[in-house]
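These figures come from a predicted structure and were not determined experimentally.
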Amino acid sequence: MTRVRHTTDDQVMTVVLDGPDSMNSLTPAVIAGLDDALEQAEQDHSLRAVVVTGAGERAFSVGMDIDFLESCFADPQRTFLPFLRSYHAVLRRIEQLGVPVIARVNGLARAGGFELILACDFVIAADEARVGDIHLEFGMPPGAGSSQRAPRKLGDQRAKALMLTPTWLRGPELVQWGVALASAPLAELDDEVGKLLAMLRGRSRPGLAITKRLLNSVHTMTLEEGLRYEREMFSRLHEEVDEVAEGYRAFVEKRRPVWGDVDVRTLA
């Protein structure tokens, strides 16, 4: 069975789906473990990124655990639907987290594993990774958001090609299709993730949080609403946090900025 473990080092939390024997499959306990890690990430104001990955080299996550899935089909109302509600909430929490979340896709990802990837801000994939939706292999639609997130990230036709047909994407294709930011051979995957982390460390936590929130708002707001929201958040950041002034002073004085310990949830 998969468990979730997480460690924090140098402004980065790494969350590992640790169940290589089950190919890092998902259960209610895994969803609870992810939720706990995200709660701690929200409270740790020193963080600048979260990395989510799978243990071993075979899989990122193959989706729902096969034994648990059998119990879900046996009693959808009391087992399947509550699981999906919990998973929906965790994926939304990833999207709303005040720091970028990076999916380090080390191997096979399908169904619920694919849906986890779609909720992350960045995806760095191994060239050898294989990613697909596959829900229709079971004759059922997706249940944890891929029907909504995939068209927004891939465009209409590519999302339909991936979800209506048995299409699999390797790392370089994930980049071409817009699912991943970059890919690299598995042996070099950590180096590729490290390049992105190096650009995120040392940034303003409120700046990251607000900019991520503004970028995500494009999916739910009209242009005029989004522009008003940007002005509102810009004003609130100046009024409530000294980060902007510190950033300016550091630039003028040619030094690294010293950011404060700010709870970005107060800026929501």
Would you say Ser61's side chain and Asn24's backbone share a donor-acceptor pair under 3.5 angstrom?
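Looks like yes, one N/O pair under 3.5 Å.
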Do the side chain of Ser235 and the main chain of Arg231 share a donor and acceptor less than 3.5 angstrom apart?
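No, Ser235 side chain to Arg231 backbone: no donor-acceptor pair under 3.5 Å.
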Spatial distance of atom [atom1] ([X]) from atom [atom2] ([Y]) [nearest 0.5 Å]:
X      : Y      : atom1 : atom2 : result
Leu17  : Met23  : CG    : CE    : 13.0 Å
Glu232 : Arg236 : CD    : CZ    : 6.5 Å
Thr211 : Asn216 : OG1   : CG    : 11.0 Å
Arg213 : Leu208 : CZ    : CG    : 11.5 Å
Leu26  : Tyr87  : CG    : OH    : 4.5 Å
Leu91  : Asp35  : CG    : CG    : 11.0 Å

Side-chain heavy atoms nearer than 4.5 Å, only ILVMFWY residues, links allowed to pass through others: does that put [X] and [Y] together?
X      : Y      : result
Leu197 : Val99  : no
Tyr229 : Val218 : no
Leu214 : Phe234 : no
Met233 : Met221 : yes
Leu189 : Val16  : no

Donor-acceptor contacts under 3.5 Å from residues 110-136 side chains, at least two apart:
residue	atom	partner	partner atom	Å
Arg110	NE	Val62	O	3.2
Glu115	OE2	Ala144	N	3.0
Glu115	OE2	Gly145	N	3.4
Glu115	OE2	Ser146	N	3.3
Glu115	OE2	Ser146	OG	3.2
Asp121	OD2	Val101	N	2.8
Asp121	OD2	Lys212	NZ	2.8
Asp127	OD1	Ser183	OG	2.8
Asp127	OD1	Ala184	N	3.2
Glu128	OE1	Leu186	N	3.0
Glu128	OE2	Leu186	N	3.4
Asp133	OD1	His135	ND1	3.1
Asp133	OD1	Ser146	OG	3.3
Asp133	OD2	His135	N	3.3
Asp133	OD2	His135	ND1	3.2

Can you name the nearest heavy-atom pair linking [X] to [Y], along with the distance?
X      : Y      : value
Leu34  : Val4   : N-CG2, 4.0 Å
Val30  : Ser25  : CG2-O, 3.8 Å
Arg48  : Ser204 : NE-C, 4.2 Å
Phe60  : Val105 : CD1-CA, 3.9 Å
Thr167 : Thr165 : OG1-OG1, 2.6 Å
Val15  : Ala37  : CG2-CB, 4.0 Å

Audit row: Arg152, Arg149, side-chain contact (heavy atoms from CB on, under 4.5 Å) steps and yes/no:
CA-CA 5 Å; Arg152 287 171 165 83; Arg149 292 185 176 97; 5.7 Å; no
Within a strict 4.5 Å, meaning less than it, do heavy atoms of the [X] and [Y] side chains meet?
X     : Y     : value
Thr2  : Thr27 : no
Pro20 : Asp18 : yes
Ile94 : Leu38 : yes
His6  : Asp36 : yes

Qualifying residue, where the test is side chain to side chain contact (heavy atoms under 4.5 Å, CB included) with Ile102 and the options are Val12, Val50, Leu200, Val52
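The side chain to side chain contact (heavy atoms under 4.5 Å, CB included) with Ile102 is passed solely by Leu200 among Val12, Val50, Leu200, Val52.
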What residues, two or more places apart in sequence or in another chain, satisfy side chain to side chain donor-acceptor pair (under 3.5 Å) together with Asp21?
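Scan of Asp21 (side chain to side chain donor-acceptor pair (under 3.5 Å), adjacent residues dropped) gives none.
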Is the number of heavy atoms from other residues, nucleotides or ligands under 6.0 Å of Asp10 CG greater than 12?
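Correct, the count exceeds 12.
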Could you check whether atom CD of Glu57 has more than 12 heavy atoms from other residues, nucleotides or ligands sitting under 6.0 Å from it?
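Check fails, neighbour count at 12 or below.
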Audit row: Leu47, Arg205, side-chain contact (heavy atoms from CB on, under 4.5 Å) steps and yes/no
CA-CA 8 Å; Leu47 290 183; Arg205 174 72 179 261; 3.9 Å; yes
Please walk me through it: do Arg104 and Asp190 pass side-chain contact (heavy atoms from CB on, under 4.5 Å)?
CA-CA 8 Å; Arg104 175 190 175 275; Asp190 286 333; 2.7 Å; yes
Salt bridge (Lys or Arg N to Asp or Glu O under 4.0 Å) pairs, two or more places apart, involving residues 154-183:
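Residue pairs with at least one partner in residues 154-183: Asp156-Lys160.
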Apply side-chain contact (heavy atoms from CB on, under 4.5 Å) to residues Arg93 and Glu42 and explain how you reach the verdict.
CA-CA 10 Å; Arg93 195 167 196 177; Glu42 285 183 346; 3.0 Å; yes
